[in-house]
Number of protein chains: 2
Amino acid sequence: MNRFMEQFMKSGYKLTRPRRLLLERLEDLDRPFTAEELYEMMNREGIGRATVFRTLKLLLDIGILVRVHLEEGCQHYQLAAGLPGEDHHHDRIICRFCGKITDLDECPMRNDVAAIAKRSGYRLQGHHLDLYGICSRCDADNQKSH
Amino acid sequence: MNRFMEQFMKSGYKLTRPRRLLLERLEDLDRPFTAEELYEMMNREGIGRATVFRTLKLLLDIGILVRVHLEEGCQHYQLAAGLPGEDHHHDRIICRFCGKITDLDECPMRNDVAAIAKRSGYRLQGHHLDLYGICSRCDADNQKSH
DNA sequence: ACAAAAATGATACTTTGTATCAATTGGAGG
DNA sequence: CCTCCAATTGATACAAAGTATCATTTTTGT
Ligand SMILES: [Mn+2]
Ligand SMILES: [Mn+2]
Ligand SMILES: [Zn+2]
Ligand SMILES: [Zn+2]
């Protein structure tokens, strides 16, 4: 009964065997993953295709997962950072080598974003920022292997 | 022989009938579109499925089109803003109502992005920013219709 | 006009995701 | 603990999105 299961129960849905197994796997996944990757894992334990896709949709809805759009290849998922229901702010920095994603705790936007937006004629509602770079681990690895 | 066709020729590929027709349609498309939408348009003129998908890939490669990841539903395409080969900077503001995308001419990042990134242990390479809001046209329309 | 190379479109296929539905199961209430 | 029923499941068939193949056509340099 990990933190995901508790959060899941609160949502009112039944905590079934397939869902429990899936939520267990999530513990380990520290990288974005595709539906197909998850399906292959779960299918080894007998979980059906439809169930995996249905559950993914549920977890998005509940807020346990968020969709991630990487530079190439969309339709990835990852654990939602921070607490659900909170301000939906997901500025982040992504390693171009290994795909690791770290959420920024500070928003690096200038104060005059709103002004810039207004000049373009839009009423601003929100934003999403992705920084790209190389994480320290990959950076170190690449130094060595050269 | 519009600006796209000239740019296309320079790339060294043959300017064939299907490609010419497709590049003509692009003139009009001021919104992001899916491959399927484009296929349906072109198919009315006898262009085959494979050709449309192949040509899309070509145009991405040449830099006439860029891929756009919208909040919901990825895999859209739109005309590349600015000149190709230039700094790959595509910060933009997107209308949540009609999908209109306007590129920002100014980058609203604070000067200390690099510092924030460094604190997270990454070596920063670039970024991508999406602002979200309501465009002036949709804003006005919504006022009226209420 | 000719030939070679590039491109096309029909077709079949793969991949990714969804609808259907009979069978199963979790868990609320007795 | 047992019962019951709505919720859920997985098999299957299907739909949508994209790719490989290949015989035929088109483009372009000469
Ligand atoms: Mn921010
Ligand atoms: Mn910028
Ligand atoms: Zn990395
Ligand atoms: Zn709009």
Side-chain angles (χ1 to χ4, degrees), chain A residues 1-2 4-26 32-62 64-70 72-78, chain B residues 1 4-26 32-62 64-78:
Chain A
M1 182 64 74
N2 65 29
F4 303 129
M5 295 185 199
E6 279 167 31
Q7 189 177 343
F8 188 90
M9 297 277 274
K10 273 188 236 156
S11 73
Y13 294 104
K14 286 190 182 176
L15 186 52
T16 63
R17 201 186 88 95
R19 287 171 179 173
R20 201 151 358 91
L21 288 172
L22 201 151
L23 289 170
E24 274 166 22
R25 290 296 153 282
L26 284 191
F33 55 92
T34 63
E36 200 56 29
E37 282 163 8
L38 186 61
Y39 167 62
E40 272 160 32
M41 293 175 73
M42 301 318 297
N43 189 240
R44 276 182 237 126
E45 321 204 35
I47 314 297
R49 183 170 202 73
T51 299
V52 170
F53 279 87
R54 279 186 297 231
T55 307
L56 269 179
K57 215 174 279 178
L58 259 189
L59 296 183
L60 282 183
D61 198 51
I62 295 173
I64 291 180
L65 292 181
V66 293
R67 234 195 276 271
V68 184
H69 287 185
L70 300 179
E72 285 305 315
C74 15
Q75 299 297 62
H76 284 69
Y77 301 84
Q78 73 170 345
Chain B
M1 182 63 75
F4 302 131
M5 294 183 200
E6 280 167 30
Q7 190 176 345
F8 188 90
M9 298 277 275
K10 272 185 237 155
S11 73
Y13 293 104
K14 287 187 181 177
L15 185 51
T16 62
R17 200 186 89 94
R19 288 171 179 175
R20 201 152 354 93
L21 288 173
L22 201 152
L23 288 170
E24 274 167 21
R25 291 295 152 282
L26 283 191
F33 55 91
T34 63
E36 200 57 29
E37 282 163 9
L38 185 62
Y39 167 62
E40 272 159 32
M41 293 174 72
M42 301 320 296
N43 190 239
R44 274 182 239 126
E45 322 203 37
I47 314 296
R49 183 171 202 72
T51 300
V52 171
F53 278 88
R54 277 187 296 232
T55 307
L56 269 179
K57 214 173 282 178
L58 260 189
L59 296 182
L60 282 184
D61 198 49
I62 295 174
I64 291 179
L65 292 181
V66 293
R67 234 193 275 272
V68 184
H69 287 186
L70 300 179
E71 273 180 316
E72 284 306 313
C74 14
Q75 299 298 64
H76 285 69
Y77 300 84
Q78 74 170 346

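Everything numeric here is computed off the predicted structure, so don't read it as measured data.
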*Asks:* Per the end-axis method with five pairs at each terminus, what is the bend angle of the helix from C/dA1-D/dT30 to C/dG30-D/dC1, to 10°?
*Replies:*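 Rounded to the nearest 10 degrees, the bend comes out at 40°.
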*Asks:* By side-chain contact (heavy atoms from CB on, under 4.5 Å), which residues pair with A/D61, not counting sequence neighbours?
*Replies:*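 So A/D61 forms a side-chain contact (heavy atoms from CB on, under 4.5 Å) with A/Y13.
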*Asks:* Quick one: which residue pairs count as a side chain to side chain donor-acceptor pair (under 3.5 Å) with a foot in residues 51-60 of chain A, not counting sequence neighbours?
*Replies:*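 As it turns out, the side chain to side chain donor-acceptor pair (under 3.5 Å) pairs with a partner in residues 51-60 of chain A, which skip direct neighbours, are A/T51-A/R54.
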*Asks:* Suppose we screen for side chain to side chain donor-acceptor pair (under 3.5 Å). Which residues come up paired with A/R25, at least two apart in sequence or across chains?
*Replies:*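 For A/R25, the residues satisfying side chain to side chain donor-acceptor pair (under 3.5 Å) (neighbours in sequence not counted) are A/E45.
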*Asks:* Rounding to a whole Å, what distance do you find between A/L22:CG and D/dG10:C1'?
*Replies:* 15 Å
*Asks:* Please enumerate all residues that pass side-chain contact (heavy atoms from CB on, under 4.5 Å) together with B/M9, with sequence neighbours excluded.
*Replies:* B/L15
*Asks:* In chain order, what residues pass the salt bridge (Lys or Arg N to Asp or Glu O under 4.0 Å) check against B/E36, with sequence neighbours excluded?
*Replies:* B/R49
*Asks:* Reading nucleotides 11-19 of chain D 5' to 3', which nucleotides get B (base under 4.0 Å from a protein heavy atom), which S (sugar-phosphate only), which -?
*Replies:* ------BBS
*Asks:* Who pairs with A/E6 by side-chain contact (heavy atoms from CB on, under 4.5 Å), at least two apart in sequence or on another chain?
*Replies:* A/M1
*Asks:* For A/E37, give me all partners under side chain to side chain donor-acceptor pair (under 3.5 Å), at least two apart in sequence or on another chain.
*Replies:* none
*Asks:* Can you tell me the distance, in whole Å, between the CD atom of A/E37 and the P atom of C/dT15?
*Replies:* 15 Å
*Asks:* Give the B/S/- string for nucleotides 22-30 of chain C, one per nucleotide from 5' to 3', where a protein heavy atom under 4.0 Å of the base yields B, of only the sugar-phosphate yields S, and otherwise -.
*Replies:* ----BS---
*Asks:* Write down the distance between CD (B/E45) and P (C/dG9), rounded to a whole number of angstrom.
*Replies:*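 B/E45 atom CD is separated from C/dG9 atom P by 11 Å.
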*Asks:* Between B/L58 and B/R19, which heavy-atom pair has the shortest distance, and what is it?
*Replies:* CD1-NH2, 3.4 Å
